[in-house]
Structure formats: C-alpha cells, structure tokens
Amino acid sequence: MKGSHEMKWEENVRKVVPYVPGEQPQKKNVIKLNTNECPYQPSPMVEKAMKEMDYRTLRLYPEFPEKTPLTKYLAEYHQTEEEQVFIGVGSDDVLSMAFLTFFNSDRPVFFPDITYSFYDVWADLYRIPYEVKPLDADFCIRKEDYIGKNCGGVIFPNPNAPTGVLMGVDEIEEIVKANPDVVVIIDEAYIDFGGTTCLPLIKRYDNLLVVRTFSKSRAMAGCRIGYALGGKKLIRYLNDAKYSVNSYTMNRPALRLGAESVKDEAYFREICGKIIATRQRSEKELAALGFTFPKSYGNFIFASHEKVGAKEIFEKLKEQDIYVRHWNRERIDRYLRITIGTDEQMDALFAALARI
Ligand code: PMP
C-alpha cells in the first residue's frame with residue numbers, strides 16, 4: 001500500500017549523504033592511481049602467514065581487540081603500553097569511533113575546509129556541530145585558527161589530504177596545548193612517506209589521539225586495519241564505545257596478518273623508500289609537463305595544470321584506463337590527486353599526460 005504511512009516512517013530515518021570513495025574499477029590492466037593504495041605487495045611474511053592460516057579457526061570468535069598479538073606488536077613497535085593502542089577495521093573505523101566518543105559537546109569541532117572528506121560525513125551522521133577553517137593560499141593549515149577559540153575538538157590529517165602539506169610537530173604541539181579541554185585527533189594516514197610523527201607528544205598530552213592505517217604504507221588496504229595511539233584513558237573510552245557497538249570488529253585473519261606486517265620492519269622501510277623516490281622523480285616530470293603542486297609528504301601529489309583543466313585531464317586519462325582522483329569542489333576543482341604508483345605506472349601516466 002502506498003500513501004501517507006510510507007512518508008511518515010521516512011521522516012524518522014537518519015538521513016546521511018555518504019562519503020564517496022575513489023572508484024574501484026573491475027577491469028584488469030588499469031593503472032590505478034586514485035585511492036592512495038600502495039602499488040607493492042604486502043610483506044612476504046604476510047604472504048607466508050596467509051598460506052599457513054588454518055581455516056578451521058574461523059569457527060571461533062577472534063581475540064578480544066584489546067589483547068591481541070597485533071596490539072602487542074604495535075605497542076612494542078611504538079614503545080607504548082598495550083593499553084595505549086586501539087585497533088579497528090581500517091582507520092575509517094577508528095576515526096568514526098573517535099568522533100562518536102570524543103566529539104560530544106555543543107561547541108563545534110574544527111577541521112580544515114580542504115581535508116579528508118569523511119570528517120564532515122561522520123560529524124553529520126553523529127549530529128556533531130563543526131566549523132571548517134580555510135587553508136591559506138598555499139594550502140597550509142593556519143594554526144591560529146585552532147588556538148584560543150573554545151572549540152569542541154580538533155581533527156586534521158598530517159600530512160593533510162588531499163594536499164600532502166605537512167605541519168611541523170611544534171605547531172601541532174601548540175594546538176594540542178592550547179586545547180586541554182577537548183580531544184585533538186591527528187590522522188597520520190600518510191606520515192610514513194617522509195613526515196615527522198607527533199607521536200612522542202602522547203606522553204605529555206592526555207588529550208592527543210594519533211591515528212594510523214595499514215592501508216597505505218603497509219600495502220594492506222584490503223585487510224582493513226587501522227589503529228589509534230594515546231593515553232590509557234583515551235583508549236579506554238574508545239574501547240568502551242567500540243564494545244557498545246560491536247565487540248569483535250577485527251577478524252582473525254586481519255589480526256594475524258597485521259601482526260606479521262608490523263614484524264617486517266625492513267620490508268616496510270623498503271617500500272616506503274621506493275614510493276618517496278618515485279614521488280621525487282614524479283615531481284620533476286610533472287613540473288616539466290607544466291603542473292604545479294604543493295610539496296607533498298604523502299604517497300600522492302596534488303597537481304594543477306597551468307593550461308589544461310583538471311576535469312578534462314581526468315576524463316582523458318580515464319579513457320586510457322589511467323585512474324586519478326578529481327573533486328568537483330570549489331577551490332580544488334583545478335587539481336588532480338595522483339597516487340604514486342610504481343615507476344612503470346608513473347611513466348605510463350607521464351606519457352599519457354604528454355599526449356593530452
Ligand atoms: N585518513 C585519511 C586522511 C585518508 O586519506 C584515508 C584513506 N581514504 C583514511 C584515513 C582511511 O583509510 P583506511 O580506512 O583505509 O585506513
């Protein structure tokens with residue numbers, strides 16, 4: 001039966017405009033430079049563990065997220081205690097939990113106007129008031145915007161996405177110090193590509209949460225692993241919220257494979273080094289082709305062409321099965337975010353760009 005009843009329940013639906021991730025084309029042989037994945041395989045230790053995994057263990061629930069080998073290795077790796085590590089299903093899960101847990105006041109949470117476009121989605125979903133703070137003309141976060149403003153919390157990525165611009169640890173410390181009554185979240189999804197982490201600050205500031213992911217520098221986006229580090233009290237509150245939604249968010253294979261990745265430091269350093277080297281080479285190539293871009297500390301470059309429009313380049317690249325990211329949004333519609341792939345993939349990109 002159609003009619004008024006249908007309309008009534010719809011009025012009470014929690015309506016959201018979801019985040020739209022980059023396309024995942026199903027075609028083979030595409031050059032995929034649109035979602036900041038790693039072009040290299042995960043560590044051989046991950047491969048070995050995956051082959052040795054016993055499917056029969058899937059019968060059992062996984063370990064409690066707080067006490068897993070993954071949390072243990074992460075704590076050792078970062079020289080913290082296990083109670084300072086929170087793990088989740090990708091950093092999206094961790095960040096979403098952190099929004100739900102820590103941004104719970106009437107005052108607006110602050111984040112940049114140009115940043116990870118999931119932040120406003122979570123804020124809307126959880127009915128958290130927020131205010132965006134414009135980046136300056138060079139795409140830098142203006143630290144003054146986050147100091148002495150009586151906000152309900154602060155979050156931004158460092159380096160920022162999609163710009164790749166890095167903020168220094170001293171400036172981050174000033175922001176954390178100036179906001180002792182609220183939680184400051186630094187999303188370090190891309191910190192392993194040459195930036196300096198603000199992690200040491202968690203020892204001194206109990207209102208700082210640092211979030212990391214296995215999706216970029218550990219080449220494990222498909223495994224969905226993210227984590228947060230902070231004071232024990234922050235992590236306790238995060239776990240309380242998590243256990244109020246779903247106790248076992250992390251599956252057994254992810255917990256096992258993630259732990260193997262953390263153990264293989266040499267391989268991790270090797271692939272990060274390769275991406276940084278390819279990024280440096282790409283900067284030269286892109287500049288020679290007439291692109292300008294802020295200096296990037298991520299595994300991507302945010303580039304704009306002096307003559308040709310970004311949308312046009314985006315579409316022409318797609319016709320040639322090369323995927324990059326473009327947003328039809330004010331201030332950034334002239335830019336393309338290009339993930340750093342292998343040297344061969346980048347060469348194919350430069351050749352296609354030269355033709356365009
Ligand atoms: N933070 C930032 C800044 C990102 O760009 C991404 C990737 N989309 C994420 C967090 C989430 O990554 P994941 O959920 O794969 O850990």
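Ligands are counted one by one from 1 in listed order, and the atoms in each one are counted from 1 as well.
- Evaluation of the salt bridge (charged side-chain N to carboxylate O under 4.0 Å, His left out) test over residues 31-44, restricted to residues two or more places apart or in two chains, returns Lys32-Glu37.
- With respect to the salt-bridge test (charged N to carboxylate O, under 4.0 angstrom), the residues Arg281 and Asp347 qualify.
- Each of Phe156, Trp122, Tyr130 was evaluated against Phe111; a single residue qualifies, Tyr130, per the ring-ring contact (aromatic ring centres under 6.0 Å, His included) test.
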Distance dump, ligand 1 polar atoms to protein, N/O, under 3.5 Å:
unit_1, atom_1, unit_2, atom_2, d
ligand 1, 1 (N), Asp187, OD1, 3.4
ligand 1, 1 (N), Asp187, OD2, 2.7
ligand 1, 5 (O), Tyr190, OH, 2.6
ligand 1, 8 (N), Tyr116, OH, 3.2
ligand 1, 12 (O), Ser91, OG, 3.3
ligand 1, 14 (O), Ser91, N, 3.2
ligand 1, 14 (O), Asp92, N, 3.0
ligand 1, 14 (O), Asp92, OD2, 3.3
ligand 1, 14 (O), Arg224, NH2, 2.8
ligand 1, 15 (O), Ser215, OG, 2.6
ligand 1, 15 (O), Arg224, NH1, 2.8
ligand 1, 16 (O), Ser91, N, 2.6
ligand 1, 16 (O), Ser91, OG, 2.6
ligand 1, 16 (O), Thr213, OG1, 2.5
ligand 1, 16 (O), Ser215, OG, 3.4

Audit row: Arg329, Ser117, side-chain hydrogen bond (donor to acceptor under 3.5 Å, both in side chains) steps and yes/no: CA-CA 11 Å; Arg329 265 187 54 191; Ser117 39; 5.2 Å; no
Test log, rule ring-ring contact (aromatic ring centres under 6.0 Å, His included), inputs Tyr19 and Tyr116: CA-CA 10 Å; Tyr19 170 76; Tyr116 186 29; 5.5 Å; yes
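- Comment: Lys233 does not engage Asp206 in a salt bridge, judged by the lack of any side-chain N to carboxylate O separation of less than 4.0 angstrom.
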